[in-house]
Amino acid sequence: MRLINIKPDRTWTFALAVLPFLALLVAYLMGSAMRLAENPNDKLLPGFGAMAEAVKHMALQPDPRSGIYLMWNDTLSSLSLLLTALAVSTLIALVVGILIGLLPLVGATFGPVVAVASMVPPLALLPILFIIMGLGDAAKIALIVIGTALKLVRDVALRVKDLPREQIIKAQTLGASTWQIGTRVVLPQMLPRLIDAVRLELGPAWLFLIAAEAIAADAGLGYRIFLVRRYLAMDVIIPYVIWITLLAFLMDLALRLLQQKAFPWFAGARAA
Amino acid sequence: MNRSVSRFLTGAVAAAASLTLAFSPAHAAEKKDFKVAWSIYVGWMPWGYATDTGIVKKWADKYGITIEVKQFNDYVESINQYTAGAFDAVTLTNMDALSIPAAGGVDTTAVIVGDYSNGNDAIILKGKDKLEDIKGQTVNLVEFSVSHYLLARALESVKLAEKDVKVVNTSDADMASAYATPDVTAVATWKPIVSTILESPDAKLVYDSSSIPGEIIDLMAANTEVLKDNPKFGKALAGIWYDTMKALAEDKAAKEHMAKASGTDVAGFDDQLKTTKLFATPADAIAFTTGADIKAKSELVSTFLFDKALLGKDAKSAGAIGIEFPDKSVFGEKGNVKLRFDATYMQAAADGKL
């Protein structure tokens with residue numbers, strides 16, 4: 001039998017999926033136990049008890065100095081930046097992307113500049129953004145928007161061009177104007193595709209958020225990680241990383257479900 | 001789950017477990033090869049010079065050991081690496097020695113007390129020239145660093161507290177450009193960033209570490225256990241250091257080398273040296289390390305760290321981590337001494353017994 005034809009059954013599928021997680025967990029636990037046996041105060045690989053304790057301090061008890069729940073405050077601060085930025089990016093992508101893809105005049109004018117600008121490494125712009133927009137939230141949102149919007153615009157523009165030419169021609173023979181073709185033929189087909197594109201940009205968006213928070217901030221998930229890094233508090237860093245991963249995973253899941261619920265026809269379109 | 005599946009999982013997990021050997025901590029014992037980490041700072045530039053000019057090799061050869069000296073661009077990372085056990089010694093301040101390795105249970109000994117900051121760390125206000133004006137302002141600084149400590153001491157000196165200002169954590173690499181933005185009006189940072197910021201006409205220095213001399217101390221510290229099993233390593237470090245101090249005092253080329261390595265010229269380097277109380281001879285360093293002053297100052301630093309919960313979550317008092325001084329007296333808990341000031345190696349250098 002060829003390797004490409006060997007498919008795991010249900011139990012094996014589950015076992016294979018669990019395996020890497022389990023292996024990581026065991027490797028961590030053993031490493032941690034070994035280091036803690038040597039030095040009970042070791043900070044590098046804290047045990048789960050220490051991490052649970054740290055999460056309790058950060059999430060369930062108010063900070064004695066400021067009286068706020070640090071982990072929720074950080075989460076709220078980070079998510080509001082991230083979601084604002086993603087909303088702006090998505091809107092820009094939808095409007096500009098459809099215009100570039102659908103109207104040859106706009107495409108000829110802005111297509112090349114978007115293509116070139118999307119190649120600028122956004123993190124390299126960060127020092128400039130901080131000078132122009134200050135160290136506050138605006139610069140952080142701008143970084144995420146620059147980092148994600150241009151790629152989304154290009155993606156939408158390409159998807160518009162992917163639409164079968166016949167559709168556009170048929171709509172014209174039925175008497176549709178440019179506006180009607182844009183809003184009634186192209187837009188509805190772009191929305192589910194845009195969700196796909198946004199899902200892929202979630203990773204970069206988090207990356208830019210954390211990079212920006214590391215440089216100047218007074219709250220946020222990335223801020224906390226880079227702050228406690230100063231005293232090697234892995235018992236805080238590891239739960240925060242897991243928490244960020246979980247948030248990103250849930251956002252991805254939510255977008256996928258939204259796509260399924262709002263555009264049930266799209267699964268068929270994708271398969272075609 | 002069927003049997004072959006569970007057998008497969010068990011086997012794979014066992015394989016993963018064997019990988020964890022990579023995580024195992026370094027064991028102290030007599031050894032021949034040592035690793036030292038340092039980062040760019042005026043008081044530590046001699047380590048780079050000593051490596052490049054063969055002083056390190058000369059002393060390592062004398063004791064039949066090898067010493068690998070690695071420069072870090074990121075100061076905190078060098079301390080973290082030392083704390084994790086990847087390095088035997090590191091350059092750091094007394095405050096960071098307490099809050100990172102010592103609080104992490106790594107018993108650390110200050111082999112060389114190199115200098116203390118005597119104006120190298122400063123608070124700068126934009127357009128205001130009195131420290132009192134800091135009240136109500138947003139202060140950009142590297143949180144939990146010596147700048148934060150300096151701010152706490154400065155506020156104390158004018159009867160203010162940290163709640164009277166708003167602290168924003170800002171990376172040191174971006175401090176100078178942050179100052180150029182309109183919404184940044186107060187910063188606490190160190191040289192050479194201080195010098196860069198003071199070039200702009202509206203920048204006024206309102207407080208610096210010359211007001212708290214001897215509190216921010218720069219050390220070469222080594223793992224106590226490694227040192228105990230390998231006194232040669234400590235002796236070699238002292239030998240390297242005082243040879244280099246001599247070169248810095250006598251040889252113009254040495255100063256040029258260090259200035260260049262820290263990205264400035266001799267004038268810029270002199271400007272930093274001016275605000276650094278460098279102990280040029282072992283006798284000076286010993287006098288400071290064995291003096292009564294250092295005990296009171298260590299207590300101030302411990303108190304700051306305790307207030308910021310940096311001595312560990314279980315710490316009940318500023319003395320939760322014991323600090324031992326050369327006369328074997330201890331500040332704080334005697335059962336939990338994790339930071340030691342030891343004049344042995346500097347003394348050997350002073351006596352010419354290296």
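Labels below follow one simple rule: chain letters A, B, ... track the order of the sequence lines, proteins then strands, and each chain is numbered from 1.
Heavy-atom distances place the side chain of Lys166(B), and not its backbone, under 4.5 Å from chain A. If you measure heavy-atom distances from Thr138(B) to chain A, you find no contacts under 4.5 Å at all. Of the two parts of Val106(B), the backbone and the side chain both hold a non-hydrogen atom closer than 4.5 Å to a non-hydrogen atom of chain A. Both the backbone and the side chain of Arg229(A) come within contact range of chain B, each with at least one heavy atom under 4.5 Å from a heavy atom of that chain. Looking at Asp107(B), neither its backbone nor its side chain comes within 4.5 Å of chain A, counting heavy atoms on both sides. For Glu162(B), the part sitting under 4.5 Å from any heavy atom of chain A is the side chain, from C-beta outward, and nothing else. Contact of Asn140(B) with chain A is made through the side chain alone, with heavy-atom distances under 4.5 Å.
Across all non-hydrogen atoms, the minimal contact from Gly105(B) to Asn41(A) is CA-CB, 3.5 Å. Across every non-hydrogen atom of Ser171(B) and Ala214(A), the tightest pair is CB-O, 4.3 Å. Listed here is the closest heavy atom pair of Ala84(B) and Leu44(A): CB-CD2, 3.7 Å. Arg230(A) and Val76(B) get closest at one heavy-atom pair: NH1-CG2, 3.3 Å.
Comparing Asn169(B), Thr170(B), Ile100(B) by how many heavy-atom pairs each has under 4.5 Å with chain A, the most go to Asn169(B). Considering only heavy-atom pairs separated by less than 4.5 Å from chain A, the leading option among Ile79(B), Asp174(B), Asn80(B), Asp183(B) is Asn80(B). Counting heavy-atom pairs under 4.5 Å between each of Glu143(B), Lys338(B), Lys308(B), Lys163(B) and chain A puts Glu143(B) at the top. Counting heavy-atom pairs closer than 4.5 Å to chain B, the top residue among Val18(A), Leu227(A), Ile132(A) is Leu227(A).
More than 12 heavy-atom neighbours from other residues, nucleotides or ligands sit within 6.0 angstrom of CZ on Phe48(A).
One distance of note links CD1 of Ile215(A) with CE of Met175(B); it measures 11.5 Å at 0.5 Å rounding. Atoms OG1 and CE, on Thr181(B) and Met133(A) in that order, are 12.0 Å from each other to the nearest 0.5 Å.
Taking the side chain as every heavy atom from C-beta outward, Val168(B) and Leu135(A) never approach each other to under 4.5 Å.
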